[in-house]
Amino acid sequence: MASVKLPDGSIKEFEDSVTVKKVAKSIGSRLAKDAMWGEIDGQPVKLDHLIEGDAPVNLKIITRKDVAALATMRHSCAHVMARAVMRLKPNVQLAFGPTIDGGFYYDIESPDDPIKEDDFPAIEAEMQKIVDLDEPFERLERSRDDSIQICQDLQQPLKVEHIEEGLADETSLSFYQQGEFLDLCRGPHVPSPKSIGAFKLLSIAGAYWKGDENRQQLQRLYATAFFDKKALDEHLERIEEAKKRDHRVLNKRLAFYHIDEDVGQGLILWTPRGAFIRQKLQDFISEHLARQGYEQVFTPQIGKLDLYRTSGHFPYYQDSQYPPIVMRDQLNLLAEEGCSCSELANKMKDGEIDGYMLRPMNCPHHIKIYGSQQRSYRDLPIRFCEFGTVYRWEQSGEIGGLTRVRGFTQDDAHLFCTEDQLAEEVKGCLELVEIVLGAMGLDDYRVRVGLRDPDSGKYVGEAENWDRAEQACRDAAASLGRDFSEEPGEAAFYGPKIDFVVRDCIGREWQLGTVQVDYNLPVRFDLNYIGADNQPHRPVMIHRAPFGSMERFIGVLIEHFAGAFPLWLNPEQGRVLTVSEKSEAYGREVQAKFKKAGLRITSDFRSEKLGAKIREAQIEMTPYMFVVGPRDAENGTVSVRDRLDGDQGAMSIDEAIAKLQQEVADRVVRVKHKSDVSLVGDRVDNEY
RNA sequence: GCUGCUGUAGCUCAGUGGUAGAGCGCGUCCUUGGUAAGGACGAGGUCAUGGGUUCAAGUCCCAUCAGCAGCUCCA
């Protein structure tokens with residue numbers, strides 16, 4: 001007699017004891033085929049596990065389609081990987097080895113013989129041996145004290161430290177044993193390593209112990225695993241495909257920007273083609289700025305140190321700014337006095353000597369324009385906008401492509417308003433962000449409300465102001481009608497913010513648009529307006545940038561469109577291709593007509609075969625090709641080829657022009673790619 | 001900034017310590033063609049930079065610079 005209770009609540013009874021596999025078979029042959037293992041009361045069991053007794057057991061049949069099953073299997077594979085490394089290298093110490101979105105990793109310290117990429121084949125071979133041994137994963141429960149003793153006996157000091165520090169509240173801990181390998185682990189694990197189908201080591205990198213840069217650095221071994229080889233191969237293929245969409249890779253062909261060592265790391269030189277896109281985007285948003293009552297200002301890219309002492313930028317963020325510019329006379333004087341560099345730094349910090357700084361933000365300049373006149377409540381809200389270029393000293397290891405740079409242009413604006421106007425103004429800002437994202441078809445983003453970290457001292461201003469500002473951000477985010485997350489520690493130093501975060505081609509997240517509420521800088525700069533009561537009042541500030549930075553936005557766009565920009569943004573909208581040189585004169589005539597109509601049309605009149613010209617135009621992301629041959633010359637037509645939909649047949653030149661003009665006017669977005677691969681990602685909760 | 005990897009022709013990459021290579025692209029010529037690669041010939045290099053080891057360094061060692069992946073950071 002055996003009885004099982006299935007997840008849907010139904011109870012199945014069997015005359016005799018029964019294996020999990022047989023239960024699955026009794027439900028359906030498909031389920032029996034797909035079944036990987038079972039779960040009794042949440043604990044994994046093998047398919048040949050025997051169920052017996054009168055009392056019904058809670059059974060779940062796990063199949064490869066189960067998302068949690070994949071995570072469980074990958075975590076077991078992480079144990080196999082760690083075990084393999086320990087077999088191959090001496091004195092290996094283990095840290096954490098969780099599952100992540102695209103696979104798993106294990107943080108390992110191998111002080112005597114660090115892991116190198118060359119070791120991967122040997123590790124993979126050893127892993128396969130372990131899988132083939134087919135030793136079960138067995139769970140052991142131990143008290144805290146016993147657990148510490150076990151880890152000490154295993155010579156795993158990191159585990160001991162973690163139990164003592166990180167797991168101080170746990171009274172009982174679990175281990176998983178497989179053969180000689182024993183590891184502190186929450187689980188669950190697959191019942192048999194046979195479920196581990198295909199795996200591959202991907203990369204190795206440094207990772208700080210417990211994510212703390214002041215602690216030792218371990219080696220993080222990234223890998224992935226799937227239930228079968230085909231799924232693994234498909235995953236690796238998707239990663240390769242995604243990497244081809246990387247804006248840095250595509251830019252080699254598109255030539256939108258150039259970074260030159262001689263100019264500096266992280267400093268973008270826009271080519272005419274890239275500058276064109278940037279200008280189009282600026283024009284686009286400028287229409288909406290005008291509609292929303294913004295006023296354009298222009299301000300310089302440097303300012304005096306004192307300005308940034310007042311704002312708080314210089315004292316709080318010295319390390320992430322370009323060093324200050326000291327005036328020549330002052331420098332000479334200090335040199336004569338034998339002033340040391342550290343003395344110079346201190347004098348600058350203390351305000352004893354002045355200088356200039358490349359601006360890390362535009363707000364102080366805009367604030368000074370606000371403060372340059374007396375303002376009445378009747379003037380508010382005041383909205384100053386500027387495509388302002390700022391400079392920040394990002395750490396060298398962080399810089400790359402267009403997404404993380406040292407000089408960038410924000411589509412910045414600062415709004416000064418009364419407390420009563422705040423909600424409405426924030427709403428207008430959010431609308432603007434949604435307009436730009438919507439226009440690009442960028443709908444795969446998440447909203448993050450960045451709050452202050454109560455334990456950090458990096459913020460300026462009073463708690464009361466922060467509370468008000470944070471509540472305003474929460475309310476505004478809620479009004480978007482979308483899920484949003486609240487994240488302490490993500491605020492700007494002067495106030496909380498609402499960020500729009502998108503993913504790049506390999507799953508990394510980037511902040512684009514941002515709206516920030518600020519009660520603090522108006523205090524620091526002593527801004528005011530005269531209210532209806534004839535008394536001075538403090539305005540509230542909003543900092544906002546719908547694109548975020550032009551550099552990062554365009555970087556993300558290149559990947560979003562896979563290089564194929566919509567017609568209205570594309571520096572090359574079409575190309576005239578001659579069938580042979582005999583049609584060159586007509587080709588020139590056609591090109592001239594398109595140009596006269598305001599379209600950006602290039603030509604390919606070389607003595608190449610048509611197929612070759614088309615192939616090149618396709619690869620170079622030309623949206624439309626206009627093929628002209630003797631037939632077209634005779635009929636006054638062009639044969640239109642759409643890059644996406646292929647040959648559209650002949651049409652008159654005017655028709656073709658009208659077609660393109662309409663597509664431009666409608667700002668049609670025709671292609672978009674979703675980020676469906678992830679090399680990094682969130683940890684699954686299967687490690688302590 | 002930290003750990004690891006990488007740097008050779010415009011691009012993608014081969015290259016045992018012994019005279020620098022391929023494919024694509026580029027140029028010239030032939031070819032004159034109707035929707036994703038026609039053919040021939042040719043040019044193109046301080047092997048990232050600076051030191052070192054060696055009879056001899058693209059190759060081995062050190063440093064610097066830059067790129068890539070991750071970690072940390074991102075006002």
Side-chain angles (χ1 to χ4, degrees), chain A residues 100 105 107 109 114-118 202-222 243 246 248-249 252-253 255 259-262 264-266 308 311-321 360-361 363 390 392-401 403-406 450 458-460 489-495 497 499 506 508 510-511 514 516 518 521 543 549 552 577-584 606-619 625-632 639-643 646-650 679-680:
Chain A
I100 52 172
Y105 66 78
D107 286 350
E109 166 115 288
I115 302 164
K116 295 198 212 78
E117 260 176 49
D118 296 343
L202 296 176
S203 65
I204 188 151
Y208 298 106
W209 170 226
K210 299 209 167 183
D212 183 346
E213 66 175 323
N214 298 312
R215 299 203 201 210
Q216 64 184 304
Q217 198 165 41
L218 311 167
Q219 291 191 290
R220 177 168 294 178
L221 202 43
Y222 281 93
K243 282 183 179 168
D246 188 314
R248 294 164 298 191
V249 174
K252 287 185 175 155
R253 277 195 272 130
I259 298 170
D260 198 295
E261 240 183 87
D262 292 341
Q265 219 188 348
Y308 300 104
S311 68
H313 290 97
F314 184 64
Y316 288 98
Y317 294 97
Q318 275 190 81
D319 293 342
S320 42
Q321 289 159 177
M361 283 192 170
C363 33
V390 298
R392 300 181 188 177
W393 187 260
E394 303 288 357
Q395 295 189 116
S396 63
E398 267 310 325
I399 294 171
T403 39
R404 192 83 184 263
V405 293
R406 282 187 175 158
K458 72 173 186 178
Y459 306 101
V460 299
E490 291 293 323
F493 76 91
Y494 45 73
K497 52 184 189 159
D499 290 334
I506 54 171
R508 291 176 296 201
W510 300 101
Q511 178 202 305
T514 181
Q516 310 174 352
D518 179 5
L521 291 184
H543 311 236
S549 96
R552 180 177 288 178
L577 310 181
T578 43
V579 171
S580 79
E581 283 175 354
K582 287 175 186 159
S583 305
E584 186 174 334
R606 293 172 306 162
S607 69
E608 275 295 343
K609 288 175 79 169
L610 181 58
K613 296 187 191 182
I614 288 175
R615 181 168 186 274
E616 275 182 35
Q618 289 282 140
I619 290 170
M625 287 151 253
F626 304 106
V627 176
V628 295
R631 270 204 313 265
D632 296 290
S639 299
V640 178
R641 185 187 165 93
D642 183 318
R643 182 174 178 274
D647 192 355
Q648 302 293 297
L679 296 182
V680 293

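What's counted below: heavy atoms across the whole structure, side chains too, no hydrogens, waters or symmetry copies. Lettering of chains follows the sequences in order, A, B, ..., and the numbering in each one begins at 1.
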Which of A:Arg643, A:Gln648, A:Glu616 passes side chain to side chain contact (heavy atoms under 4.5 Å, CB included) with A:Met625? It is A:Arg643

Does any N or O donor sit under 3.5 Å from an N or O acceptor when you compare the side chain of A:Arg248 with the base of B:rC68?
no

Paired with B:rG17: which nucleotide, if any, by Watson-Crick or G-U wobble criteria at under 3.5 Å for both distances?
none

Over 60° means perpendicular and under 30° means parallel, so classify the ring planes of A:Tyr494 and A:His543, tilted if in between.
parallel

Is a side-chain N or O of A:Arg552 found less than 3.5 angstrom from the main chain of A:Thr403, in a donor-acceptor match?
yes

Using the closest heavy atom to pick a nucleotide of RNA chain B for each, name whichever of A:Gln618 or A:Arg392 lands nearer the 5' end.
A:Gln618

Between A:Gly397 and A:Glu581, name the one whose nearest nucleotide on RNA chain B is closer to the 5' end.
A:Gly397

Within the 4.0 Å heavy-atom criterion, would you say A:Gly611 contacts the bases, only the backbone, or no part of the nucleic acid?
sugar-phosphate

Roughly how many Å apart are B:rC60 and B:rG45, using the P atom of each and rounding to a whole number?
25 Å

Between B:rG17 and B:rG52 - C1' atom distance, rounded Å
15 Å

So, under a plain 3.5 Å distance rule, would you say the side chain of A:Ser607 forms a donor-acceptor pair with the base of B:rU31?
yes

Rounded to whole Å, how long is the line connecting atom CE of A:Met625 with atom C1' of B:rG34?
14 Å

Answer with base, sugar-phosphate or nothing: what part of the nucleic acid does A:Gln217 contact at a heavy-atom distance below 4.0 Å?
base

Once you apply a heavy-atom cut-off of 4.0 Å, does A:Ile259 come out as touching a base, just sugar-phosphate, or nothing?
nothing

Can you check whether any acceptor in the base of B:rG34 is under 3.5 Å from a donor in the side chain of A:Ser639, or vice versa?
yes

Taken to the nearest 0.5 Å, the spacing of A:Tyr208 OH from A:Arg215 CZ works out to 13.5 Å

Take atom P in B:rG50 and the same atom in B:rU8, then report the distance between them in whole Å.
16 Å

